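A quick note: this is a predicted structure, and the numbers were derived from the prediction, not measured. Position 1 is the first residue of the sequence; numbering continues from there.
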Amino acid sequence: MSDSIADQSPATPPATPPAMSRNAVPNILHVIKKSQLNGTEVRNTVFMSCNLRHMDLRGCDISLSTLDDCKLSNCTVSECDLVNSALHETKFAKSSMENCKVITSPLALRRFCPELRKLIFERCIHSCDNTSPVLLVALRGDPELYYEAMKCFYRLNKFRLKLANLSDYGGISKKAAGNIRNLKLEFHQVRQHLPATLPKPFRDCFKVEIFGMTVRSRDGLFLWAKYVVETFPRLRVIQSGIPMSYVQGANPRTVQLRAGFDVLSQNLRIEGRIFRVTTSSWEAWSWKAAREQTLKWHEL
C-alpha cells in the first residue's frame with residue numbers, strides 16, 4: 001500500500017451551520033473561528049480562519065486556515081495552506097501543500113480508531129514458524145500503520161536468541177530491540193557463555209518484562225539471572241528450564257543446578273515454581289514478581 005495522491009473533486013468551503021431547533025442533533029459538534037490550536041486531537045469540528053499545529057483531526061471541515069505538522073483523517077479541506085502534514089482519506093480543494101502526504105487506504109484500516117486497530121493487530125500478528133505475519137508484510141508500504149503494528153508485534157511475541165549464532169542478531173536496530181517485551185536465550189552447550197556475548201542491541205531492551213533461559217550449569221544460572229535483573233529495569237519474570245533426565249539425577253552436574261534453583265529463590269526473595277506441565281523432556285520453572293513490581297537482586 002503506497003502513498004498516492006488521489007484525484008479530488010473540488011470541495012465546497014464549509015459554511016457556518018444553520019440554526020437548528022432545540023431538539024435537533026447537530027452533525028458538527030463545535031465551530032471554531034480565528035483561533036490558534038497546538039498539539040491536541042479534535043473530532044467532528046468546523047475550523048475557519050485558524051492556525052493549527054501538531055493536531056490530530058478526524059471528521060473535520062477546515063477552511064481558510066493554516067496547518068503545520070497535522071494529521072487529517074476523513075476531513076474536508078478548502079482554501080488552506082498545509083505544511084508537513086498527512087491527509088488520510090481527506091478531500092481537498094483550492095489549497096496549497098508543501099512536504100505533505102496524501103494517502104488513500106484500500107484496506108480501510110484508517111477508518112477505525114487507533115484503539116480498534118490495536119485490537120485487530122493483536123489478533124493478527126502472532127508469529128509462528130519463524131515467518132513474518134502476513135498483515136505485517138502487507139503494511140510495509142504504509143510507514144505509519146506498519147509502525148503501529150510493529151509495536152504490538154514486539155509486545156506480544158517471544159524472541160529467541162540462540163547462542164550458537166549470536167552474530168546473526170547484530171544487525172537488529174536498537175529501536176526494534178528496545179520494544180521487545182519477552183526475550184529468551186537458548187543454551188545448547190554446557191560451556192558457559194558470559195553476558196558480554198549478548199549482541200549490543202539486546203543490552204538496551206529496556207522494556208523486557210519476561211526473560212527465559214535454558215541453562216546447563218549452576219554458575220550460568222546465577223550469572224545470567226543477576227545480569228538480566230540488573231540490566232532490564234522492567235523485568236517481572238525469569239523462566240528457566242532443565243531436562244527431565246537431569247531432574248531425575250542422571251547427571252550430577254544438573255543435580256547441583258536443580259539445587260541452585262532454591263538458592264536463586266533466596267537471591268530474588270521469590271519462591272520458584274513450576275509454571276507449566278508438559279509432556280516434553282523439560283521442566284519449566286518461573287520466578288515472578290508481585291503485581292506492579294519488578295524483580296530485585298539480593299546478595300546472600
* Could you tell me whether the side chain of Val102 reaches within less than 4.5 Å of the side chain of Phe92, counting heavy atoms only? => yes

* Asked: Hey, is Arg236 close enough to Glu209 for a salt bridge, meaning N to O under 4.0 Å?
  -> yes

* **By side-chain contact (heavy atoms from CB on, under 4.5 Å) - contacts of Arg117 (at least two apart)** => Leu109, Phe112, Pro114, Phe121, Leu145, Glu148

* To do: Using the test side-chain contact (heavy atoms from CB on, under 4.5 Å), find all partners of Glu41 that sit at least two apart in sequence or belong to another chain.
  => Arg43, Asp56, Arg58

* Asked: Is there a side chain to side chain donor-acceptor pair (under 3.5 Å) between Asn51 and Thr66 once you walk through the steps?
  -> CA-CA 5 Å; Asn51 188 355; Thr66 300; 5.2 Å; no

* Asked: Considering only heavy atoms from C-beta outward, does the side chain of Asp61 approach that of Met48 to under 4.5 Å?
  -> no

* Between His54 and Asn38, what is the shortest heavy-atom contact and its length? -> CD2-OD1, 3.2 Å

* Below 4.5 Å, heavy atoms only, C-beta onward: do Leu87 and Leu82 meet side chain to side chain? -> yes

* Passes side chain to side chain donor-acceptor pair (under 3.5 Å), Asp69 versus Asn84? Steps please. -> CA-CA 5 Å; Asp69 193 21; Asn84 300 323; over 6 Å; no

* Structure fact -> For Ser63 and Ser65, the nearest pair of non-hydrogen atoms, with its separation, is O-OG, 2.8 Å

* Please report the C-alpha distance between Lys207 and Asn179 in whole Å, then the side-chain angles of each, then the deciding distance to 0.1 Å, and finally whether the side chain to side chain donor-acceptor pair (under 3.5 Å) criterion is met. => CA-CA 6 Å; Lys207 294 183 180 180; Asn179 284 310; 3.2 Å; yes

* **Over all atoms of both residues, closest heavy-atom pair of Trp285 and Gly272** => CZ3-O, 3.5 Å

* Partners meeting side-chain contact (heavy atoms from CB on, under 4.5 Å) with Thr294 (sequence neighbours left out) -> Lys296

